[in-house]
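In the text below, chain A, chain B and the rest are named by the order of the sequence lines, each starting its count at 1.
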There are 2 protein chains.
Amino acid sequence: MAEHSSPARPGRWRSGAESRQRILDAARALFRENGYGGTTVRAVAARADVDPAMVFYFFDTKKGLFAAATEMPAHLPPALESIFAGGLDGIGERVIRTLLENMDKSDRTPLAVLTRSAPTHEESEALLREFIDREINGRLVELLDVPDAALRVGMLNVQILGLAVARYIFKIEPIASAPVDELVARFGPMVQQFLTGRSPS
Amino acid sequence: MAEHSSPARPGRWRSGAESRQRILDAARALFRENGYGGTTVRAVAARADVDPAMVFYFFDTKKGLFAAATEMPAHLPPALESIFAGGLDGIGERVIRTLLENMDKSDRTPLAVLTRSAPTHEESEALLREFIDREINGRLVELLDVPDAALRVGMLNVQILGLAVARYIFKIEPIASAPVDELVARFGPMVQQFLTGRSPS
DNA sequence: GTCTATAATTAGATAGAC
DNA sequence: GTCTATCTAATTATAGAC
């Protein structure tokens, strides 16, 4: 929480871009904590230390702010590349590690934001499902090339959502405090098994 | 959605208990869909086809309504008994089947309601964690009797939350539409393995 | 770009008639 | 037990000064 401390250009204390960024950061935090309905534009403005009217200036409507705040982080897709780059071998460990490392350090945690909030039921579903389908499921189903690939990938989705909710939203112990390596060691081989192991049927 | 059809006692169309029940049903549905902040007392009343003032008459405040609506269903604890009754043998299948069968038919789905909604961040955490800790984790940790029991049970929590979110909230396919038997066959042995199998460390 | 002032709406909650 | 009417406060959103 650094107070305004820009030494350059006296008389023009904050750039528009900085205000915009402060608003986005505040919005993401509040949407994640209180959901869409539970978050007010005024609260976002107060936390960002800007005037409520500025929020509408930049994002027009509350929904516009939500859409901007829940945009997927730019640095996640590159990380996803490295998951698939190595092929199926060891993909269980890689997917769990990539997920945890990104969500641990990310302010955005889009999964957490979306699970908690959403202007409406349908929009929330669409946003999250589209992202997971496009970035993970589709490519993984191709890679697996087995008849029950969809179900196996579905099981991975359960792990992703379960970890996100348990670790970041409800902070259920010991999952919330476990080191990444520990969780990778536990979940990685298990994921590897149900993705690439023989079918139970 | 049966319309008022009580043949007894003409002139007194709805009992207080019935109105109370209608309000609770409507509240659960809306809290689950839109969260606490996104649900208005007026909307609940409209859906229950009663006057908004009635909601306050029965539950005093919006929070009181939420507390009543998210009360754990009475028929879930008995079901939990049967999970533990059989001991560790086959407990993986039993816990997954019990969870799915109860949530599939329950209007209450406390997990779904709680994951989505909550008056505040902290209350939501407390409610859900307390229930899971008391009804599942504590007893299971005892039963396991191994040094890393807490982590193994934590992994089960991840499965429970992941299944709940994927199947009931975001309806991610093919998890959402898969028959219970299929999911039990997939998740059951996996759960059994990480609960009672040898430690990976 | 930023703020003041305020319009328009909607929320939770109460009083009291029936 | 149920409804009408209403109060108060807070919310989204806009207009316009600086």
Checklist entry - What does nucleotides 9-18 of chain C look like as a protein-contact string, B for base, S for sugar-phosphate only, - for none, at under 4.0 angstrom between heavy atoms? => result --BBBB----
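- Atom P of nucleotide dT12(D) and atom CZ of F66(A) are separated by 14 Å, given to the nearest angstrom.
- Rounded to whole angstrom, the span from the CZ atom of R20(A) across to the P atom of dT2(C) amounts to 12 Å.
- Here A45(A) pairs with V50(A), P52(A), V55(A) under the side-chain contact (heavy atoms from CB on, under 4.5 Å) rule; sequence neighbours left out.
- Using a cut-off of 4.0 Å between Lys/Arg side-chain N and Asp/Glu carboxylate O, R167(B) and D104(B) are scored as salt-bridged.
- Judged as a salt bridge (Lys or Arg N to Asp or Glu O under 4.0 Å), and not counting sequence neighbours, the contacts of D181(B) are R97(B).
- For T61(B), the side-chain hydrogen bond (donor to acceptor under 3.5 Å, both in side chains) test picks out no residue, with sequence neighbours left out.
- Comparing atom distances between the M54(B) side chain and each of dG1(C), dC3(D), dT4(C) picks out dC3(D) as nearest.
- Spacing between atom OH of Y57(B) and atom C1' of dG1(D) amounts to 5 Å, rounded to whole angstrom units.
- Each salt bridge (charged side-chain N to carboxylate O under 4.0 Å, His left out) pair with one or both residues in residues 152-166 of chain B, not counting sequence neighbours, appears once here: D148(B)-R152(B).
- Shown here are the side-chain hydrogen bond (donor to acceptor under 3.5 Å, both in side chains) partners of R139(B), two or more places apart in sequence or in another chain: E81(B).
- Distance F58(A) CZ to dT12(D) C1': 18 Å, rounded to the nearest Å.
- Here S19(A) reaches the OP1 or OP2 of dT2(C): one of its side-chain N or O atoms lies under 4.0 Å away.
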